[in-house]
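First comes the structure, then the notes that go with it.
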Amino acid sequence: MPARTGKEFLQGLKDDRHIWVGAERVRDVAAHPAFAGAARSMAALFDLQHDTADVCLMPDPETGELINVSHVIPRSRGDLGRRHACLERIAEFSVGIMGRTPDYLNVTVAGFAGRADEWAAHDNDRGATNLVAFQKEAARRDLSLTHTIVQPTIDKARGDVPSPGDEIALHKVGDTAHGIVVRGARVLATLAPFSDELFVYPGAPLAPGTDAYALAFSIPMATPGLTFLCRDSYSVPGNVFDHPLSSRFDEQDAFVIFDDVEVPRGRVFIDANLAAYNSVMTTGWMPNIMQQTSIRAQTKLEFAWGLATLMAEAINAGTGTGAEMLGELWSYAEMTRAGVYAAEQGASEWGNGVWFPDGRPFRALRGLLPLWFPRVNEIIRLLGSHNLLAAPTSAQLADPALRPLIDRFLRGAKDTTAEQRARIFRLAWDFTGSALASRGEQYERFYLASSGRAFIRAQTYAAPDRARRLIDRFLKEELA
Ligand SMILES: Cc1cc2nc3c(=O)[nH]c(=O)nc-3n(C[C@H](O)[C@H](O)[C@H](O)COP(=O)(O)OP(=O)(O)OC[C@H]3O[C@@H](n4cnc5c(N)ncnc54)[C@H](O)[C@@H]3O)c2cc1C
(Lines give C-alpha, C1' and ligand atoms only; values in the text may rest on other atoms or scores of the structure.)
Protein backbone atom coordinates (compact mmCIF):
# COMPACT_ATOMS: atom_id res chain seq x y z
CA MET A 1 0.00 0.00 0.00
CA PRO A 2 1.44 3.40 -0.94
CA ALA A 3 1.39 6.68 1.03
CA ARG A 4 -1.96 7.04 2.78
CA THR A 5 -4.56 9.77 2.59
CA GLY A 6 -5.96 11.52 5.66
CA LYS A 7 -9.13 9.45 5.40
CA GLU A 8 -7.13 6.21 5.40
CA PHE A 9 -5.11 7.43 8.37
CA LEU A 10 -8.28 8.18 10.39
CA GLN A 11 -9.70 4.78 9.49
CA GLY A 12 -6.57 3.16 10.95
CA LEU A 13 -7.21 4.73 14.37
CA LYS A 14 -10.42 2.74 14.80
CA ASP A 15 -9.25 -0.25 16.82
CA ASP A 16 -9.32 -1.62 20.36
CA ARG A 17 -6.52 0.57 21.76
CA HIS A 18 -6.60 1.47 25.46
CA ILE A 19 -6.23 5.25 25.42
CA TRP A 20 -7.25 6.97 28.64
CA VAL A 21 -7.80 10.70 29.12
CA GLY A 22 -9.32 12.13 32.28
CA ALA A 23 -11.81 9.60 33.65
CA GLU A 24 -12.57 7.74 30.47
CA ARG A 25 -11.24 5.19 28.07
CA VAL A 26 -11.63 6.71 24.62
CA ARG A 27 -13.31 4.41 22.12
CA ASP A 28 -13.15 6.70 19.08
CA VAL A 29 -10.07 8.92 19.14
CA ALA A 30 -10.97 11.02 16.10
CA ALA A 31 -14.41 11.86 17.50
CA HIS A 32 -13.37 12.69 21.09
CA PRO A 33 -13.22 16.42 21.93
CA ALA A 34 -9.78 15.96 23.55
CA PHE A 35 -8.29 14.60 20.33
CA ALA A 36 -10.53 15.58 17.42
CA GLY A 37 -8.64 18.79 16.56
CA ALA A 38 -5.23 17.12 16.34
CA ALA A 39 -6.73 14.08 14.58
CA ARG A 40 -8.01 16.40 11.86
CA SER A 41 -4.59 18.03 11.63
CA MET A 42 -2.86 14.67 11.36
CA ALA A 43 -5.27 13.67 8.60
CA ALA A 44 -4.50 16.94 6.82
CA LEU A 45 -0.80 16.12 7.12
CA PHE A 46 -1.34 12.78 5.40
CA ASP A 47 -3.23 14.59 2.63
CA LEU A 48 -0.47 17.18 2.41
CA GLN A 49 2.05 14.59 1.23
CA HIS A 50 -0.14 14.01 -1.84
CA ASP A 51 -0.65 17.75 -2.41
CA THR A 52 3.13 18.27 -2.29
CA ALA A 53 4.05 14.98 -3.95
CA ASP A 54 6.99 16.53 -5.81
CA VAL A 55 8.62 17.33 -2.44
CA CYS A 56 7.23 14.72 -0.06
CA LEU A 57 6.80 11.50 -2.05
CA MET A 58 9.31 9.18 -3.72
CA PRO A 59 9.13 5.73 -5.30
CA ASP A 60 9.79 2.82 -2.97
CA PRO A 61 13.20 1.47 -4.12
CA GLU A 62 11.79 -2.07 -4.46
CA THR A 63 8.07 -1.77 -5.31
CA GLY A 64 8.08 1.60 -7.08
CA GLU A 65 4.98 2.67 -5.14
CA LEU A 66 5.02 6.21 -3.76
CA ILE A 67 6.13 6.50 -0.13
CA ASN A 68 6.98 9.51 2.06
CA VAL A 69 10.48 10.94 1.51
CA SER A 70 11.14 10.85 5.28
CA HIS A 71 11.52 7.05 4.88
CA VAL A 72 14.56 7.45 2.65
CA ILE A 73 17.72 5.67 3.78
CA PRO A 74 20.17 8.46 2.89
CA ARG A 75 22.96 7.27 0.62
CA SER A 76 24.31 10.66 -0.47
CA ARG A 77 24.31 14.33 0.47
CA GLY A 78 21.65 14.72 -2.22
CA ASP A 79 19.36 12.31 -0.35
CA LEU A 80 19.78 14.39 2.80
CA GLY A 81 18.94 17.54 0.82
CA ARG A 82 15.83 15.92 -0.58
CA ARG A 83 14.83 14.79 2.89
CA HIS A 84 15.43 18.33 4.19
CA ALA A 85 12.87 19.77 1.77
CA CYS A 86 10.23 17.25 2.83
CA LEU A 87 10.92 17.67 6.57
CA GLU A 88 10.72 21.44 6.20
CA ARG A 89 7.36 21.20 4.46
CA ILE A 90 6.02 18.99 7.26
CA ALA A 91 7.41 21.32 9.97
CA GLU A 92 5.74 24.31 8.32
CA PHE A 93 2.37 22.58 8.56
CA SER A 94 2.26 23.03 12.37
CA VAL A 95 4.88 25.83 12.46
CA GLY A 96 7.03 23.36 14.39
CA ILE A 97 4.56 22.96 17.25
CA MET A 98 3.94 19.26 16.62
CA GLY A 99 7.34 17.76 17.37
CA ARG A 100 6.50 14.15 16.80
CA THR A 101 4.72 14.11 13.48
CA PRO A 102 5.33 10.69 11.86
CA ASP A 103 8.42 11.92 10.00
CA TYR A 104 10.29 11.92 13.36
CA LEU A 105 10.19 8.14 13.63
CA ASN A 106 10.33 7.57 9.87
CA VAL A 107 13.76 9.24 9.95
CA THR A 108 14.81 7.31 13.07
CA VAL A 109 13.78 3.90 11.75
CA ALA A 110 15.30 4.56 8.31
CA GLY A 111 18.59 5.46 10.02
CA PHE A 112 18.50 2.26 12.06
CA ALA A 113 17.67 0.08 9.03
CA GLY A 114 20.44 1.75 7.04
CA ARG A 115 22.86 0.76 9.80
CA ALA A 116 21.54 -2.81 10.01
CA ASP A 117 25.21 -3.81 10.20
CA GLU A 118 25.43 -2.16 13.63
CA TRP A 119 22.16 -3.71 14.81
CA ALA A 120 23.39 -7.14 13.67
CA ALA A 121 26.53 -6.95 15.82
CA HIS A 122 26.70 -8.77 19.18
CA ASP A 123 24.83 -11.83 17.83
CA ASN A 124 21.75 -9.79 16.96
CA ASP A 125 21.39 -10.82 13.29
CA ARG A 126 17.79 -11.87 13.73
CA GLY A 127 16.86 -8.56 15.39
CA ALA A 128 18.54 -6.62 12.59
CA THR A 129 16.71 -8.65 9.92
CA ASN A 130 13.40 -7.98 11.69
CA LEU A 131 14.20 -4.26 11.88
CA VAL A 132 14.99 -3.99 8.17
CA ALA A 133 11.71 -5.76 7.34
CA PHE A 134 9.84 -3.48 9.75
CA GLN A 135 11.28 -0.34 8.16
CA LYS A 136 10.02 -1.45 4.76
CA GLU A 137 6.62 -2.27 6.24
CA ALA A 138 6.39 1.07 8.06
CA ALA A 139 7.16 2.91 4.82
CA ARG A 140 4.82 0.85 2.64
CA ARG A 141 1.88 0.89 5.09
CA ASP A 142 2.68 4.55 5.86
CA LEU A 143 2.46 3.86 9.59
CA SER A 144 2.25 6.60 12.19
CA LEU A 145 4.56 5.60 15.06
CA THR A 146 4.88 6.73 18.65
CA HIS A 147 7.87 5.77 20.78
CA THR A 148 9.27 5.41 24.28
CA ILE A 149 12.95 5.28 25.14
CA VAL A 150 12.95 6.55 28.74
CA GLN A 151 12.42 4.54 31.95
CA PRO A 152 9.85 5.97 34.39
CA THR A 153 11.06 7.89 37.43
CA ILE A 154 10.28 6.37 40.82
CA ASP A 155 13.33 7.30 42.88
CA LYS A 156 15.85 9.67 41.29
CA ALA A 157 18.50 8.63 43.81
CA ARG A 158 18.63 5.18 42.16
CA GLY A 159 19.92 6.68 38.92
CA ASP A 160 18.59 6.74 35.38
CA VAL A 161 18.64 3.07 34.56
CA PRO A 162 17.07 0.07 36.26
CA SER A 163 18.93 -2.18 38.69
CA PRO A 164 18.45 -5.95 38.50
CA GLY A 165 15.01 -6.83 39.86
CA ASP A 166 13.44 -3.43 39.12
CA GLU A 167 9.73 -4.17 38.59
CA ILE A 168 8.79 -0.73 37.22
CA ALA A 169 11.04 -0.34 34.19
CA LEU A 170 10.04 -2.22 31.05
CA HIS A 171 11.58 -5.71 31.06
CA LYS A 172 11.21 -9.13 29.53
CA VAL A 173 9.45 -11.75 31.68
CA GLY A 174 9.38 -14.73 29.37
CA ASP A 175 9.20 -16.40 25.96
CA THR A 176 6.15 -17.84 24.26
CA ALA A 177 5.72 -19.98 21.16
CA HIS A 178 5.25 -16.81 19.12
CA GLY A 179 7.41 -14.18 20.78
CA ILE A 180 8.38 -12.59 24.09
CA VAL A 181 6.36 -11.23 27.01
CA VAL A 182 7.23 -7.80 28.44
CA ARG A 183 6.08 -6.02 31.61
CA GLY A 184 6.66 -2.58 33.15
CA ALA A 185 6.29 1.02 32.04
CA ARG A 186 7.98 3.67 29.90
CA VAL A 187 7.68 7.43 29.24
CA LEU A 188 6.49 9.40 27.37
CA ALA A 189 4.66 8.41 24.18
CA THR A 190 4.01 11.66 22.35
CA LEU A 191 1.48 11.25 19.50
CA ALA A 192 0.15 8.02 21.09
CA PRO A 193 -3.56 8.52 20.32
CA PHE A 194 -2.71 9.30 16.69
CA SER A 195 -0.35 6.38 16.12
CA ASP A 196 -0.67 2.95 14.57
CA GLU A 197 2.20 1.36 16.47
CA LEU A 198 4.42 1.88 19.52
CA PHE A 199 8.13 1.62 18.70
CA VAL A 200 10.37 0.88 21.69
CA TYR A 201 14.11 1.36 21.31
CA PRO A 202 17.16 1.99 23.52
CA GLY A 203 17.65 5.03 25.72
CA ALA A 204 20.34 5.51 28.37
CA PRO A 205 22.93 2.70 28.41
CA LEU A 206 22.15 -0.13 30.82
CA ALA A 207 24.40 -1.53 33.55
CA PRO A 208 25.78 -5.09 33.63
CA GLY A 209 23.26 -7.62 34.91
CA THR A 210 20.21 -5.83 33.51
CA ASP A 211 19.89 -7.78 30.27
CA ALA A 212 16.12 -8.25 30.74
CA TYR A 213 15.69 -4.48 30.24
CA ALA A 214 17.63 -4.45 26.98
CA LEU A 215 14.73 -4.46 24.53
CA ALA A 216 13.67 -3.01 21.21
CA PHE A 217 10.45 -3.85 19.36
CA SER A 218 7.34 -2.46 17.70
CA ILE A 219 3.74 -3.44 18.39
CA PRO A 220 0.31 -2.22 17.24
CA MET A 221 -1.40 0.24 19.58
CA ALA A 222 -4.25 -2.20 20.24
CA THR A 223 -1.97 -5.02 21.44
CA PRO A 224 -3.58 -6.65 24.52
CA GLY A 225 -2.04 -5.49 27.83
CA LEU A 226 -0.95 -2.11 26.50
CA THR A 227 -2.40 0.96 28.28
CA PHE A 228 -1.78 4.63 27.47
CA LEU A 229 -2.50 7.23 30.16
CA CYS A 230 -2.70 10.59 28.37
CA ARG A 231 -2.00 13.84 30.16
CA ASP A 232 -4.83 16.40 30.37
CA SER A 233 -5.88 17.58 26.96
CA TYR A 234 -4.79 21.09 26.02
CA SER A 235 -6.87 21.00 22.89
CA VAL A 236 -9.46 23.77 22.83
CA PRO A 237 -12.30 22.76 20.55
CA GLY A 238 -13.70 25.77 18.81
CA ASN A 239 -12.89 28.20 16.10
CA VAL A 240 -9.41 28.79 14.84
CA PHE A 241 -9.67 32.56 15.34
CA ASP A 242 -9.86 32.25 19.12
CA HIS A 243 -7.38 29.40 19.55
CA PRO A 244 -5.42 29.17 16.30
CA LEU A 245 -2.91 26.64 17.64
CA SER A 246 -4.63 24.89 20.57
CA SER A 247 -7.57 24.01 18.35
CA ARG A 248 -5.28 22.09 16.00
CA PHE A 249 -1.91 20.97 17.30
CA ASP A 250 -2.18 19.17 20.67
CA GLU A 251 -0.18 16.07 19.75
CA GLN A 252 -0.62 14.58 23.28
CA ASP A 253 1.81 12.69 25.52
CA ALA A 254 1.08 9.39 27.26
CA PHE A 255 2.56 7.26 30.02
CA VAL A 256 2.73 3.67 28.78
CA ILE A 257 2.00 0.56 30.87
CA PHE A 258 2.87 -2.90 29.58
CA ASP A 259 0.83 -5.43 31.55
CA ASP A 260 2.31 -8.69 30.25
CA VAL A 261 2.32 -7.76 26.59
CA GLU A 262 3.25 -10.38 24.00
CA VAL A 263 5.54 -9.07 21.27
CA PRO A 264 5.57 -11.26 18.13
CA ARG A 265 9.00 -12.75 17.41
CA GLY A 266 9.21 -10.99 14.04
CA ARG A 267 8.82 -7.60 15.69
CA VAL A 268 11.59 -8.05 18.27
CA PHE A 269 14.70 -6.04 17.33
CA ILE A 270 16.67 -6.51 20.54
CA ASP A 271 15.84 -9.42 22.82
CA ALA A 272 17.52 -9.02 26.22
CA ASN A 273 20.84 -8.29 24.51
CA LEU A 274 22.74 -5.75 26.60
CA ALA A 275 25.67 -5.29 24.23
CA ALA A 276 23.38 -4.59 21.27
CA TYR A 277 21.19 -2.25 23.34
CA ASN A 278 24.17 -0.25 24.58
CA SER A 279 25.80 0.13 21.16
CA VAL A 280 23.15 0.94 18.54
CA MET A 281 22.48 4.49 19.74
CA THR A 282 26.12 5.54 20.01
CA THR A 283 27.00 6.45 16.40
CA GLY A 284 24.72 7.90 13.70
CA TRP A 285 21.37 8.07 15.54
CA MET A 286 21.97 11.56 16.91
CA PRO A 287 23.01 13.38 13.71
CA ASN A 288 20.35 11.53 11.76
CA ILE A 289 17.41 12.47 13.98
CA MET A 290 18.77 15.93 14.69
CA GLN A 291 18.24 16.83 11.04
CA GLN A 292 14.48 16.38 11.59
CA THR A 293 14.35 18.02 15.02
CA SER A 294 16.53 20.99 14.07
CA ILE A 295 14.57 21.75 10.90
CA ARG A 296 11.40 21.68 13.01
CA ALA A 297 13.00 23.87 15.70
CA GLN A 298 14.27 26.34 13.10
CA THR A 299 10.80 26.60 11.59
CA LYS A 300 9.29 27.29 15.02
CA LEU A 301 11.95 29.90 15.81
CA GLU A 302 11.44 31.69 12.50
CA PHE A 303 7.69 31.69 13.13
CA ALA A 304 8.30 33.11 16.63
CA TRP A 305 10.46 35.89 15.24
CA GLY A 306 7.92 36.74 12.53
CA LEU A 307 5.07 36.76 15.03
CA ALA A 308 6.97 38.92 17.51
CA THR A 309 7.87 41.37 14.73
CA LEU A 310 4.21 41.67 13.72
CA MET A 311 3.25 42.17 17.37
CA ALA A 312 5.77 44.95 17.70
CA GLU A 313 4.54 46.60 14.49
CA ALA A 314 0.90 46.36 15.65
CA ILE A 315 1.62 48.51 18.71
CA ASN A 316 4.68 50.31 17.35
CA ALA A 317 7.02 48.74 19.90
CA GLY A 318 9.78 47.65 17.53
CA THR A 319 12.43 50.19 18.45
CA GLY A 320 14.93 50.38 21.32
CA THR A 321 14.54 47.43 23.68
CA GLY A 322 11.88 46.02 21.37
CA ALA A 323 14.31 45.91 18.44
CA GLU A 324 16.97 44.41 20.69
CA MET A 325 14.69 41.55 21.70
CA LEU A 326 13.49 41.00 18.13
CA GLY A 327 17.08 40.81 16.96
CA GLU A 328 17.79 38.26 19.67
CA LEU A 329 14.90 36.13 18.40
CA TRP A 330 16.12 36.39 14.83
CA SER A 331 19.59 35.33 15.95
CA TYR A 332 18.27 32.09 17.47
CA ALA A 333 16.43 31.25 14.25
CA GLU A 334 19.44 32.12 12.13
CA MET A 335 21.95 30.20 14.26
CA THR A 336 19.71 27.15 14.03
CA ARG A 337 19.45 27.54 10.24
CA ALA A 338 23.22 27.89 10.03
CA GLY A 339 23.72 24.84 12.25
CA VAL A 340 21.52 22.68 10.03
CA TYR A 341 23.33 23.99 6.93
CA ALA A 342 26.75 23.26 8.42
CA ALA A 343 25.69 19.78 9.51
CA GLU A 344 24.29 18.96 6.07
CA GLN A 345 27.30 20.41 4.24
CA GLY A 346 29.57 18.31 6.46
CA ALA A 347 27.60 15.12 5.81
CA SER A 348 29.58 11.99 5.14
CA GLU A 349 29.23 8.25 4.87
CA TRP A 350 28.94 6.78 8.36
CA GLY A 351 29.24 3.14 7.26
CA ASN A 352 27.22 0.60 5.26
CA GLY A 353 26.89 3.23 2.50
CA VAL A 354 24.62 5.38 4.70
CA TRP A 355 25.01 9.15 4.90
CA PHE A 356 24.29 11.24 7.99
CA PRO A 357 24.99 14.93 8.67
CA ASP A 358 28.01 16.14 10.65
CA GLY A 359 27.13 15.67 14.32
CA ARG A 360 29.10 18.63 15.70
CA PRO A 361 26.72 21.51 14.90
CA PHE A 362 23.85 19.37 16.10
CA ARG A 363 25.57 18.58 19.40
CA ALA A 364 25.93 22.31 20.01
CA LEU A 365 22.30 23.01 19.06
CA ARG A 366 21.11 20.12 21.21
CA GLY A 367 22.30 21.83 24.40
CA LEU A 368 21.38 25.37 23.32
CA LEU A 369 17.83 24.90 21.99
CA PRO A 370 16.34 23.93 25.39
CA LEU A 371 17.72 27.24 26.71
CA TRP A 372 16.68 29.33 23.71
CA PHE A 373 13.03 28.28 23.56
CA PRO A 374 12.06 29.43 27.08
CA ARG A 375 13.80 32.75 26.32
CA VAL A 376 11.81 33.04 23.07
CA ASN A 377 8.59 32.72 25.06
CA GLU A 378 9.86 35.25 27.58
CA ILE A 379 10.65 37.77 24.84
CA ILE A 380 7.21 37.43 23.25
CA ARG A 381 5.55 37.89 26.63
CA LEU A 382 7.73 40.89 27.48
CA LEU A 383 7.01 42.50 24.12
CA GLY A 384 3.31 41.70 24.33
CA SER A 385 2.68 42.61 27.98
CA HIS A 386 -1.05 43.25 28.71
CA ASN A 387 -1.86 43.31 25.00
CA LEU A 388 -1.68 39.50 24.96
CA LEU A 389 -4.67 39.50 27.30
CA ALA A 390 -6.62 42.31 25.66
CA ALA A 391 -7.49 40.54 22.44
CA PRO A 392 -11.21 40.13 21.77
CA THR A 393 -12.72 36.83 20.67
CA SER A 394 -14.40 36.19 17.35
CA ALA A 395 -17.80 36.27 19.10
CA GLN A 396 -17.04 39.69 20.59
CA LEU A 397 -15.95 40.98 17.19
CA ALA A 398 -19.15 39.61 15.65
CA ASP A 399 -21.37 41.31 18.22
CA PRO A 400 -23.01 44.32 16.54
CA ALA A 401 -23.01 46.38 19.74
CA LEU A 402 -19.42 45.58 20.70
CA ARG A 403 -17.81 45.79 17.27
CA PRO A 404 -17.84 49.60 16.91
CA LEU A 405 -16.38 49.94 20.41
CA ILE A 406 -13.68 47.36 19.70
CA ASP A 407 -12.85 48.99 16.38
CA ARG A 408 -12.49 52.32 18.17
CA PHE A 409 -10.68 51.36 21.38
CA LEU A 410 -8.74 48.23 20.45
CA ARG A 411 -7.14 49.12 17.15
CA GLY A 412 -3.39 49.12 16.74
CA ALA A 413 -0.75 51.61 15.68
CA LYS A 414 -0.75 53.22 12.23
CA ASP A 415 -3.37 51.44 10.13
CA THR A 416 -3.59 48.17 12.12
CA THR A 417 -7.27 47.33 12.49
CA ALA A 418 -8.79 45.94 15.69
CA GLU A 419 -9.37 42.60 14.00
CA GLN A 420 -5.77 42.36 12.77
CA ARG A 421 -4.50 43.27 16.22
CA ALA A 422 -6.75 40.68 17.88
CA ARG A 423 -5.58 37.97 15.46
CA ILE A 424 -1.91 38.73 16.11
CA PHE A 425 -2.14 38.85 19.90
CA ARG A 426 -4.43 35.82 20.18
CA LEU A 427 -1.94 33.86 18.07
CA ALA A 428 0.93 35.09 20.24
CA TRP A 429 -0.86 34.10 23.47
CA ASP A 430 -1.69 30.66 22.08
CA PHE A 431 2.00 30.35 21.14
CA THR A 432 3.43 31.39 24.52
CA GLY A 433 0.75 31.58 27.22
CA SER A 434 -1.86 28.86 26.67
CA ALA A 435 -1.76 25.40 28.27
CA LEU A 436 -0.55 24.03 24.93
CA ALA A 437 2.22 26.64 24.87
CA SER A 438 3.32 25.67 28.37
CA ARG A 439 3.49 22.03 27.34
CA GLY A 440 5.44 23.13 24.26
CA GLU A 441 8.04 24.82 26.43
CA GLN A 442 8.34 21.66 28.54
CA TYR A 443 8.75 19.67 25.34
CA GLU A 444 11.55 21.90 24.06
CA ARG A 445 13.34 21.64 27.41
CA PHE A 446 13.25 17.84 27.61
CA TYR A 447 12.26 15.96 24.47
CA LEU A 448 15.81 14.88 23.69
CA ALA A 449 17.13 15.20 27.26
CA SER A 450 17.76 18.38 29.25
CA SER A 451 20.24 21.02 28.22
CA GLY A 452 22.57 19.92 31.04
CA ARG A 453 22.78 16.37 29.83
CA ALA A 454 23.23 17.54 26.23
CA PHE A 455 26.15 19.82 27.17
CA ILE A 456 27.83 16.97 29.08
CA ARG A 457 27.52 14.81 25.95
CA ALA A 458 28.83 17.66 23.79
CA GLN A 459 31.90 17.93 25.98
CA THR A 460 32.38 14.14 25.95
CA TYR A 461 32.40 13.96 22.15
CA ALA A 462 34.17 17.26 21.38
CA ALA A 463 37.47 16.88 19.51
CA PRO A 464 40.14 18.77 21.46
CA ASP A 465 43.01 18.69 18.91
CA ARG A 466 42.94 22.24 17.56
CA ALA A 467 42.06 23.79 20.92
CA ARG A 468 45.03 21.96 22.48
CA ARG A 469 47.32 23.14 19.70
CA LEU A 470 46.28 26.77 20.23
CA ILE A 471 47.05 26.50 23.94
CA ASP A 472 50.18 24.38 23.73
CA ARG A 473 52.05 27.25 22.12
CA PHE A 474 51.88 29.13 25.41
CA LEU A 475 52.31 26.16 27.72
CA LYS A 476 55.40 24.90 25.90
CA GLU A 477 57.26 28.19 25.55
CA GLU A 478 60.85 28.07 26.71
CA LEU A 479 61.38 29.87 29.98
CA ALA A 480 63.38 33.08 29.33
C1 LIG B 1 6.54 17.05 26.50
C2 LIG B 1 7.45 15.87 26.51
C3 LIG B 1 7.33 14.91 25.51
C4 LIG B 1 8.15 13.78 25.51
N5 LIG B 1 8.01 12.84 24.52
C6 LIG B 1 8.72 11.70 24.58
C7 LIG B 1 8.53 10.67 23.61
O8 LIG B 1 7.73 10.79 22.68
N9 LIG B 1 9.24 9.53 23.75
C10 LIG B 1 10.13 9.34 24.78
O11 LIG B 1 10.74 8.29 24.85
N12 LIG B 1 10.35 10.30 25.69
C13 LIG B 1 9.67 11.47 25.61
N14 LIG B 1 9.85 12.44 26.56
C15 LIG B 1 10.66 12.10 27.73
C16 LIG B 1 12.03 12.65 27.58
O17 LIG B 1 12.75 11.78 26.80
C18 LIG B 1 12.60 12.80 28.98
O19 LIG B 1 11.78 13.68 29.71
C20 LIG B 1 13.99 13.31 28.88
O21 LIG B 1 14.84 12.29 28.41
C22 LIG B 1 14.50 13.83 30.19
O23 LIG B 1 14.48 12.83 31.18
P24 LIG B 1 13.84 13.13 32.58
O25 LIG B 1 12.43 13.61 32.35
O26 LIG B 1 14.02 11.93 33.40
O27 LIG B 1 14.60 14.37 33.19
P28 LIG B 1 16.13 14.49 33.64
O29 LIG B 1 17.04 14.23 32.50
O30 LIG B 1 16.37 13.70 34.86
O31 LIG B 1 16.20 16.00 33.95
C32 LIG B 1 15.52 16.56 35.09
C33 LIG B 1 16.37 17.69 35.64
O34 LIG B 1 17.58 17.17 36.17
C35 LIG B 1 18.69 17.79 35.54
N36 LIG B 1 19.67 16.71 35.27
C37 LIG B 1 19.47 15.41 35.42
N38 LIG B 1 20.57 14.72 35.12
C39 LIG B 1 21.48 15.57 34.75
C40 LIG B 1 22.81 15.45 34.34
N41 LIG B 1 23.45 14.27 34.24
N42 LIG B 1 23.46 16.56 34.03
C43 LIG B 1 22.86 17.76 34.14
N44 LIG B 1 21.58 17.92 34.52
C45 LIG B 1 20.90 16.86 34.84
C46 LIG B 1 18.19 18.41 34.27
O47 LIG B 1 18.88 19.63 33.98
C48 LIG B 1 16.73 18.69 34.56
O49 LIG B 1 16.53 20.00 35.00
C50 LIG B 1 9.09 13.60 26.55
C51 LIG B 1 9.20 14.56 27.57
C52 LIG B 1 8.42 15.68 27.55
C53 LIG B 1 8.58 16.68 28.65
Side-chain angles (χ1 to χ4, degrees), residues 19 38 42 94 96-109 112 144-162 166 168-170 184-206 213 215-218 221 226 228-235 246 249-258 277 281 285-286 289-290 292-293 296-297 300 363 366-371 373-374 377 434-461:
I19 299 276
M42 284 286 292
S94 73
I97 287 172
M98 295 178 93
R100 296 279 162 80
T101 43
D103 52 311
Y104 179 90
L105 281 158
N106 295 348
V107 167
T108 301
V109 179
F112 287 158
S144 170
L145 303 178
T146 182
H147 77 288
T148 56
I149 63 172
V150 179
Q151 315 289 358
T153 300
I154 296 293
D155 179 347
K156 273 291 202 192
R158 290 192 196 161
D160 297 325
V161 289
D166 184 325
I168 307 295
L170 178 69
R186 279 220 178 180
V187 291
L188 182 66
T190 299
L191 206 73
F194 316 107
S195 299
D196 302 298
E197 295 221 4
L198 167 65
F199 181 52
V200 172
Y201 57 101
L206 292 167
Y213 304 85
L215 298 168
F217 56 84
S218 188
M221 293 293 290
L226 207 49
F228 295 86
L229 299 182
C230 292
R231 61 158 164 74
D232 293 355
S233 171
Y234 304 139
S235 180
S246 303
F249 299 136
D250 183 3
E251 62 185 346
Q252 261 293 347
D253 310 288
F255 186 85
V256 189
I257 299 170
F258 303 74
Y277 187 98
M281 301 290 282
W285 166 75
M286 192 281 296
I289 192 52
M290 279 293 289
Q292 192 274 353
T293 65
R296 180 203 61 83
K300 192 172 174 183
R363 284 207 185 281
R366 189 62 261 132
L368 290 168
L369 285 166
L371 303 179
F373 271 107
N377 285 357
S434 64
L436 184 71
S438 184
R439 177 271 174 192
E441 184 174 311
Q442 195 72 353
Y443 181 82
E444 301 298 354
R445 284 180 190 270
F446 287 112
Y447 74 95
L448 273 180
S450 64
S451 180
R453 283 182 196 263
F455 281 142
I456 289 172
R457 255 175 244 152
Q459 173 66 10
T460 307
Y461 285 94

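Remember, it's 1-based here, ligands and their atoms both numbered in the order they're listed. As the structure is a computational prediction, the values presented were derived from the model and not from experiment.
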For [X], give me all partners under side chain to side chain donor-acceptor pair (under 3.5 Å), at least two apart in sequence or on another chain.
| X | result |
| --- | --- |
| T190 | D253 |
| R363 | none |
| D250 | R231 |

Got a second to check how far F217's CZ is from F199's CZ, nearest 0.5 Å?
10.0 Å
Are L226 and V256 packed together at the side-chain level, in the sense that at least one heavy-atom pair is separated by less than 4.5 angstrom?
yes
Check whether any side-chain heavy atom of L191 lies under 4.5 Å from a side-chain heavy atom of M42, and answer yes or no.
yes
Name the residues with a heavy atom less than 4.0 Å from ligand 1?
R100, H147, T148, I149, V150, K156, V187, L188, T190, D253, R439, Q442, Y443, F446, Y447, A449, S450, G452, R453, I456
